[in-house]
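Here's the structure we're looking at; comments come further down.
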Amino acid sequence: MFLLQVAVVLLLAVAGVVLLVLTTQRESVREASSRSLAVAQGFASSPGVAEALGSQHPTAALQPRVQQAQTRTAVDFMGVLNRRGVYVALSSVAGRPGTRTTTDMAEVLAGRTVTEEGVGSLGPQIRAFVPVRNPGGPVVGAVGAGVTLAHVSERVTAQLPMVLGATAGAVAVTTGGAAVLSRRLWRQTRGLGPAEITRMYDHHNAVLHSVREGVLIIGGDGRLLLANDEARRLLDLPADAQRRPVSDLGLDAHMAELLTSEQVVTDEVHLAGDRLLAVNVRPTAAYGGPAGTAVTLRDTTELRALAGTAEAARDRLKLLYDAGTRIGSTLDVVRTTEELTEVAVPRFADVATVELLEPVLRGDEPAEGRTGMRRTAVSGLPEDSPLYPLGELVGFAPTTPLAAGGHALLEADLRTAADWQAQDPERARRLLDHGIRSLITVPLRARGMVLGLADFWRLQSTEPFVEEDLSFAEELATRAAVAIDNARRYTREHTMSVTLQRSLLPRSVPEQSALEVAHRYLPSQSGVCGDWFDVIPLPGTRVALVVGDVVGHGLHASATMGRLRTAVHNFSALDLSPDELLAHLDELVAHLDQPAADADGGEADGITGATCLYAVYDPVSGVCTIASAGHPGPALARPDGTVAFPDTPASPPLGLGSGHPFESVALELPEGSRLALFTDGLLVNRRRDLDTGLALLREALARPGLGPEQTCQAVLDALLPKRRSDDIVLLVARTRLTDPSRVAEWDVPQDPAAVSRVRSETARQLQAWDLPLTAFSTELIVSELVTNAIRYGAPPIRLRLLLDRSLICEVADGSSTSPHLRRARLTDEGGRGLFLVARFAQRWGTRYTSRGKVIWTEQALHGAAAEPDMDLADVLLDHWEA
């Protein structure tokens with residue numbers, strides 16, 4: 001191919017040179033003829049030529065002029081002839097005047113101009129003769145001028161190198177271009193010959209138009225360059241679509257924009273008419289081609305329908321999976337039903353409702369024959385919907401699934417559901433007017449019991465339910481029913497635990513004058529955790545505050561809490577100090593925590609761990625003594641609003657058996673201080689750490705002037721979480737101080753003679769307190785207790801009378817020997833003092849201090865109880881007779 005191109009180029013070059021030479025020669029001859037004629041005509045018409053020809057010496061007159069004109073006009077010869085054809089003047093290298101011309105003068109003498117190619121003394125030449133006339137007269141001669149052909153050839157020869165050079169350059173350029181073109185063509189065709197290229201083109205053309213996939217090639221200017229038959233069919237292109245702009249092909253605006261946007265698109269599905277087309281767009285420039293795009297189209301309408309069915313099945317499996325993870329996340333019956341409706345809407349139904357039987361909501365098993373249910377959950381319900389609202393008691397006709405054996409029902413079109421409309425015609429009409437068209441009702445069945453109903457509704461704008469939806473709804477309801485039943489059973493256990501817990505906690509705060517107390521107990525929503533508190537009046541107007549926490553949940557934690565509370569009450573009756581009381585309680589818990597065999601031969605559950613905070617407040621001194629066994633310390637809000645967390649000695653929880661001694665701390669509290677005791681459920685939860693809880697508690701307590709009730713509410717408002725994962729106990733006590741005028745104290749020397757003086761001082765004090773009715777019994781009690789202290793005790797001895805809700809008498813001495821009440825024999829001289837004290841006092845007892853002991857009594861202030869109910873002599877006689 002390349003050689004053929006070179007041969008053609010050379011042939012064209014030679015032809016071009018020959019043609020150029022011939023053309024140049026022809027033009028040169030024409031130019032010579034024109035120049036000769038012009039020179040002859042110019043000289044013939046010059047003035048004086050005709051007169052010179054008619055003069056006696058024409059040669060002398062014309063020769064100089066002829067020579068001058070020939071030189072200026074660059075002709076080879078020029079001359080003036082007479083009528084006989086003889087040159088009277090001639091300028092030529094080969095002739096002179098007097099020479100006769102070889103040209104026929106007849107034409108010239110006839111007055112015509114003659115131009116011819118002939119042979120003269122200079123050789124072949126082109127010459128022109130122009131007649132010369134007298135003004136208004138005949139022809140008197142002629143002027144001739146000529147150019148030799150040799151001169152013309154010289155001009156052609158002078159131009160030949162340039163012509164050949166240009167021709168050679170053209171041949172070189174053309175040959176080089178052909179070489180480059182041939183090389184590129186060779187590379188692009190991969191060395192294939194014309195036959196192979198033709199066969200490949202035919203094959204590609206056949207494939208392009210036979211594949212079931214549309215192919216479009218669009219140029220960079222947005223014009224359609226190529227479209228196969230399938231593309232024309234899918235896009236319904238006109239017959240003359242090729243070479244037309246895509247925007248003029250009648251396509252959808254979005255499709256036309258997509259085809260010309262030059263953006264990369266992979267399997268995007270677009271609607272073209274009634275077809276769903278999967279469109280792929282790739283730019284051609286990125287692959288070495290010209291600017292533009294290559295587009296492929298696939299008809300996915302049928303595939304989309306099959307994929308839609310598979311996708312629907314996949315979505316249902318995904319929905320069932322989500323239902324398994326979301327439904328039953330809590331053990332709350334109502335919340336579980338809400339989770340069911342939230343899962344179903346809007347992925348399965350437009351509206352979902354759940355109704356439960358009343359006993360199920362309480363945690364009980366449903367009773368037979370009951371059809372009234374409470375609507376507990378609704379999702380997707382518009383505000384103006386005529387459906388039963390949340391919390392409404394719904395009654396069902398005998399045709400409902402609950403009464404019809406617990407079978408699921410499908411109503412694809414509620415407009416034709418006569419049984420459904422008969423249940424409540426007015427509400428059914430309003431529902432239909434509201435656009436509700438389809439319904440699936442499924443009973444919530446677990447362990448053979450129907451717990452309630454789940455209703456799934458679809459609006460008119462949504463596809464109605466079909467049989468496949470019914471089986472899916474049953475599966476969804478079955479999973480939800482198991483979760484609801486678990487929540488129901490938990491609710492029952494939780495209710496029992498809360499009931500037991502509340503029955504074991506104080507129902508009211510006992511009357512006392514040392515503290516103003518308020519309390520809150522909030523059980524965990526995930527199960528009772530065994531938190532507890534107590535307020536215990538102690539002798540001497542003192543009050544004990546107790547807060548504890550048992551590790552664990554449920555009935556066992558509640559029962560353990562009751563055992564610990566009873567133990568604390570028993571130990572507090574011994575009037576032990578806080579550290580001693582916790583030591584005894586720790587020993588008891590360690591003993592109870594040892595595994596014991598139950599009735600079935602297994603191991604009974606022990607106490608798995610407990611914490612306790614025990615504080616004793618004395619309103620006379622204003623001192624609060626606190627000891628803790630692994631429990632958070634209290635918060636103290638002083639009257640000025642400052643809040644502190646006093647350092648409480650750290651001790652291990654109860655029952656660890658470490659033998660570690662418990663320590664206590666004594667705090668002097670101003671009157672009006674608020675002491676807050678709490679369990680860790682108040683401060684710590686899943687979204688809040690201990691430091692954040694303490695900061696919130698400090699902020700809530702730092703408000704002076706609040707009473708205990710107001711303080712409790714402020715603390716709960718600031719720290720109560722939305723969902724309680726642990727029990728919360730809060731005990732707030734505001735301190736009071738005993739009026740000094742209601743306290744009388746005497747130091748008693750260890751001398752029996754001091755007893756009479758003490759009795760007299762006691763009588764005067766009772767008179768000052770306006771308690772004359774208690775004078776006899778009080779003097780007797782003081783006399784007996786002081787006498788025993790002098791006789792059996794050790795100094796220092798001190799007597800204290802306290803006027804509170806009762807009259808309290810306390811005798812302290814430095815001995816730790818405890819007196820015991822006994823019945824004296826007939827021969828005993830003594831032993832009847834404590835017996836008399838016990839008969840005249842409402843209560844009496846002994847408490848030990850770091851310096852000895854205190855024997856105390858309490859007496860009623862007013863009424864018959866202030867005096868003994870029998871004669872003293874009768875009492876003594878009965879004692880002796882015994």
*Closest contact, heavy atoms only, Gly328 versus Ala483*: CA-CB, 3.9 Å
*asked:* Once rounded to the nearest 0.5 Å, what's the spacing between atom CG of Leu234 and atom CG of Asp229?
replied: 11.0 Å
*How many angstroms lie between atom OG1 of Thr293 and atom CG of Leu216, to the nearest 0.5 angstrom?*
8.5 Å
*So Thr266 and Arg282, side chain to side chain donor-acceptor pair (under 3.5 Å) or not? Walk me through it.*
CA-CA 9 Å; Thr266 302; Arg282 292 293 186 275; 2.9 Å; yes
*So, Glu342 and Arg335, do they make that salt bridge, N to O below 4.0 Å?*
yes
*asked:* Tell me the closest heavy-atom pair linking Thr336 and Ala487, and the distance in Å.
replied: OG1-CB, 4.0 Å
*How long is the gap from CG on Leu340 to OG1 on Thr337, to the nearest 0.5 Å?*
7.5 Å
*Please determine which of Leu356, Leu361, Val354 meets the side chain to side chain contact (heavy atoms under 4.5 Å, CB included) test together with Arg374.*
Leu361
*Would you say Asp332 and Glu338 make side-chain contact, with heavy atoms under 4.5 Å?*
no
*At what distance, to the nearest 0.5 angstrom, does CZ of Arg223 lie from CD1 of Ile218?*
12.5 Å
*Are Leu476 and Val442 side-chain neighbours, meaning at least one heavy-atom pair lies under 4.5 Å?*
no
*Which heavy-atom pair separates Ala408 from Glu474 by the least distance, and what is that distance?*
CB-OE2, 3.2 Å
*Tell me, do Arg688 and Leu719 make a side-chain contact under 4.5 Å, heavy atoms counted?*
yes
*For the residue pair Glu213 and Leu297, establish whether any side-chain heavy-atom pair is separated by less than 4.5 Å.*
no
*Is any NZ, NE, NH1 or NH2 atom of the basic residue among Asp485 and Arg488 found under 4.0 Å from an Asp or Glu carboxylate oxygen of the other?*
yes
_Pairwise side-chain contact, Asp350 with Ile436, heavy-atom cut-off 4.5 Å (strictly under)_ = no
*Looking at CD1 of Ile440 and CZ of Phe465, how far apart are the two atoms once the value is rounded to the nearest 0.5 Å?*
4.5 Å
*For the residue pair Phe472 and Phe348, categorise the inter-ring angle as parallel (less than 30°), tilted (30 to 60°) or perpendicular (more than 60°).*
tilted
*asked:* Could you tell me if the side chain of Leu258 sits less than 4.5 Å from the side chain of Gln263, heavy atoms only?
replied: yes
*Decide yes or no for Met373 and Val360: does some side-chain heavy atom of the first lie under 4.5 Å from some side-chain heavy atom of the second?*
no
*Taking the side chain as every heavy atom from C-beta outward, state whether Arg437 and Leu414 have any atom pair closer than 4.5 Å.*
no
*Hey, what do you get for CG (Leu682) to CG (Asp727), rounding to the nearest 0.5 Å?*
12.0 Å
*For atom CD of Glu257, decide whether the heavy atoms of other residues, nucleotides or ligands shown that lie under 6.0 angstrom number more than 12.*
no
